[in-house]
Asker: 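Below is one structure. I have some questions about it.
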Amino acid sequence: MGASNFSEEELAGACAEFRAAVRLIKARHGFDFVSLGLTAFIGAPLKWVYSAGATGERHRRIVLAPGHGIGGIAIKAGKPMMFTDIDEEIDPREYSSYPIVFAEDLRSFCALPLSRGGRVVAVLLCAFRSVGGHHEQAYRSLIEGLGGRLLGMDVVSTDFMDFEGLAADRRASSQRNPIFVRSELSRVIAAQEDERKRISRELHDGIAQELLAVSFCVNRLGSHVDEAGWEVLEEAANGIDRILDELHNISVELRPSALDHLGFEAALHSQAAVFEKTYGTEIVFQGGLSRTRFDQALETQAYRICQEAILNACKYSEADRVYVSLEDSDGWLHARVVDHGVGFDVEHPRIKGSGCGLSGMRERASVIGATLSMESGPRGTSITLVAPMNAMEGKGVKA
């Protein structure tokens with residue numbers, strides 16, 4: 001497995017020191033979020049272990065193999081990364097490659113590899129949730145203040161990865177060959193769905209089943225402990241139940257089994273039930289479809305578009321109800337998501353969350369030859385998808 005990076009004794013002894021260092025960096029430089037990611041041994045995945053300014057615990061569950069995500073890329077390349085405006089410097093289609101960006105809604109960040117004995121064993125991530133002209137100076141000030149050392153490790157702060165050059169090459173390629181880019185987009189989206197399906201299945205069939213087995217063991221211990229011990233067991237059981245619920249929600253959001261087994265409409269109802277519990281917004285379905293199954297690509301892209309539209313309405317519209325209407329007729333699928341809450345400027349939307357939802361919806365619609373219209377104003381928002389039901393048949397386009 002490779003040489004050990006941090007022994008259990010080292011981590012236990014340095015725990016308070018690591019936490020204090022992260023908090024001090026955040027306070028001293030005014031960052032919104034600071035996290036220290038560690039690897040257990042050379043070649044092992046990285047996890048964000050110590051953090052300050054986090055919005056929740058989600059980021060702690062991110063596990064990054066070398067070469068994947070901010071931490072994994074920094075570990076593998078051994079070079080620092082800096083983005084002062086994520087929307088300008090990263091292709092929206094690549095946002096999913098940086099899960100910490102989603103988890104903590106980051107708009108600007110600097111990632112510095114930390115090495116011991118010439119090997120990168122940790123990553124320091126400092127970030128803002130906004131875009132500002134002073135951010136780069138804050139990152140440079142951080143580097144200068146560290147003086148090349150942090151927590152007994154060497155800070156790698158030179159030879160930053162040239163993402164701007166890569167982005168320029170991608171933009172030039174897109175302009176030269178838009179047809180190739182469109183077909184490439186179809187393959188990228190299909191690959192993303194395959195990966196979503198795989199991860200969802202692993203969560204449900206692997207981790208969830210293991211947790212259920214642990215839960216049964218905890219319950220069996222109940223007859224062997226006193227009252228004080230029973231309270232501890234009950235607390236553990238409740239914790240396991242909460243984790244199982246969250247795993248289920250994540251699995252459904254990644255790739256609901258209903259989409260593969262029951263179809264588009266059933267999957268959308270299932271996801272809506274999760275959103276209702278999560279955000280407290282009532283989701284009302286109107287109309288219905290005359291058939292349960294459609295072409296696989298149509299089902300997948302229509303589901304993702306409606307899922308994103310409903311999620312945005314639940315999170316940002318401030319409406320108590322969201323209305324979803326579904327209909328199919330004359331070879332066309334019609335799907336509409338409406339809320340009567342706070343609207344937005346369709347042409348120049350204010351960036352919220354990951355900032356890639358609307359563009360992602362448009363890209364998915366283009367893959368299946370659909371028309372996607374968005375209307376929004378003081379009286380609410382309406383998003384309408386009109387898709388040909390047979391456009392993908394025989395074209396080899398996968399979900």
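Numbers for residues simply follow the sequence, beginning at 1. Source: prediction; values computed, not measured.
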Asker: So, does E299 use its side chain to make a donor-acceptor pair with the main chain of F294 at under 3.5 Å?
Answerer: yes
Asker: Kindly say whether V121 contributes a backbone atom to a donor-acceptor pair with the side chain of T39 at under 3.5 angstrom?
Answerer: yes
Asker: Taking all non-hydrogen atoms of both residues into account, name the closest pair between H135 and T84 and its distance.
Answerer: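 In terms of heavy atoms, the two residues are closest at ND1-O, 4.5 Å.
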Asker: Determine whether Y139 and F31 satisfy the following criterion, ring pair (Phe, Tyr, Trp, His ring centres under 6.0 Å), listing intermediate values before the conclusion.
Answerer: CA-CA 9 Å; Y139 299 139; F31 298 123; 5.7 Å; yes
Asker: Ignoring hydrogens and angles, tell me if any N or O in the side chain of T300 forms a donor-acceptor pair with the backbone of Q296 under 3.5 Å.
Answerer: yes
Asker: Report whether V338 and V322 are members of the same hydrophobic cluster (ILVMFWY, side-chain heavy atoms less than 4.5 Å apart, transitive linking).
Answerer: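 No, separate clusters.
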Asker: Using the rule that Ile, Leu, Val, Met, Phe, Trp and Tyr join whenever any side-chain heavy atoms are under 4.5 Å apart, tell me whether F285 and L311 fall into a single cluster.
Answerer: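 Yes, because F285 and L311 connect within a single hydrophobic cluster, where side-chain heavy atoms sit under 4.5 Å apart.
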Asker: Would a single hydrophobic cluster contain both V34 and L146, if residues Ile, Leu, Val, Met, Phe, Trp and Tyr are joined by side-chain heavy-atom contacts under 4.5 Å?
Answerer: yes
Asker: Which heavy atom of L298 sits nearest to which heavy atom of M389, and what is that distance?
Answerer: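 Heavy-atom minimum between the residues: CD2-CA, 3.7 Å.
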Asker: Which heavy atom in L112 sits nearest to a heavy atom in V156, and how many Å separate them?
Answerer: CD2-O, 3.7 Å
Asker: What's the verdict on side chain to side chain contact (heavy atoms under 4.5 Å, CB included) for L151 and L114, showing C-alpha distance, side-chain angles and the deciding distance?
Answerer: CA-CA 9 Å; L151 300 167; L114 307 177; 5.8 Å; no
Asker: Any sub-3.5 Å donor-acceptor pair from S376's side-chain atoms to F344's backbone N or O?
Answerer: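 A pair under 3.5 Å: yes.
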Asker: Does S366 use its side chain to pair, donor to acceptor, with the backbone of E363 at less than 3.5 Å?
Answerer: yes
Asker: If hydrophobic clusters are built by linking Ile, Leu, Val, Met, Phe, Trp and Tyr wherever their side-chain heavy atoms come under 4.5 Å apart, do M161 and L46 end up in the same one?
Answerer: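 Linked within one cluster.
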Asker: Is the ring pair F109/F83 parallel, tilted or perpendicular, if the boundaries are 30 and 60 degrees?
Answerer: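 F109 and F83: perpendicular rings.
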Asker: Counting distance only, does the side-chain N/O of R129 pair as donor-acceptor with the main-chain N or O of E104 below 3.5 Å?
Answerer: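 The answer is yes, because a donor-acceptor pair under 3.5 Å joins these two groups.
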Asker: Evaluate whether atom CG of D320 has more than 12 neighbouring non-hydrogen atoms of other residues, nucleotides or ligands under 6.0 angstrom away.
Answerer: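 Open.
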Asker: Does this structure show an ion pair linking R149 with D154, if we count only N-O contacts that are shorter than 4.0 Å?
Answerer: yes
Asker: Could you go step by step and tell me if F18 and L38 meet the side chain to side chain contact (heavy atoms under 4.5 Å, CB included) rule?
Answerer: CA-CA 11 Å; F18 284 11; L38 304 176; 4.1 Å; yes
Asker: Provide the closest heavy-atom pair for D159 versus P80 in the form atom of the first, atom of the second, distance.
Answerer: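 Smallest heavy-atom distance, with atoms named: O-CD, 3.8 Å.
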Asker: Quick one: closest heavy-atom pair of L142 and C126, and the distance?
Answerer: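 Shortest heavy-atom separation between L142 and C126 comes out as CD2-SG, 3.5 Å.
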Asker: Begin with the C-alpha distance, continue with both residues' side-chain angles, and end with the deciding distance and a verdict on side chain to side chain contact (heavy atoms under 4.5 Å, CB included) for R362 and M374.
Answerer: CA-CA 10 Å; R362 292 189 178 99; M374 303 181 186; 3.7 Å; yes
Asker: Output yes when R304 and E308 qualify as a salt bridge under the 4.0 Å nitrogen-oxygen rule, no when they do not.
Answerer: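 So R304 does not pair with E308 through a salt bridge.
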Asker: Would the distance check show the side chain of S35 and the main-chain N or O of Y50 forming a donor-acceptor pair, the cut-off being under 3.5 Å?
Answerer: yes
Asker: Under a 4.5 Å side-chain heavy-atom rule over Ile, Leu, Val, Met, Phe, Trp and Tyr, are I143 and V155 clustered together?
Answerer: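 Hydrophobic grouping puts I143 with V155.
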Asker: Are H340 and Y323 close enough that their ring centers fall under 6.0 Å?
Answerer: yes
Asker: Is a donor on one side and an acceptor on the other found under 3.5 Å between the side chain of R60 and the backbone of V49?
Answerer: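 Yes; at least one donor-acceptor contact below 3.5 Å.
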Asker: If you compare all heavy atoms of G288 against all heavy atoms of E265, which two are closest, and at what distance to 0.1 Å?
Answerer: CA-OE2, 3.8 Å
Asker: H59 and S51: side-chain donor and acceptor closer than 3.5 Å?
Answerer: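 Side chains of H59 and S51: pair found under 3.5 Å.
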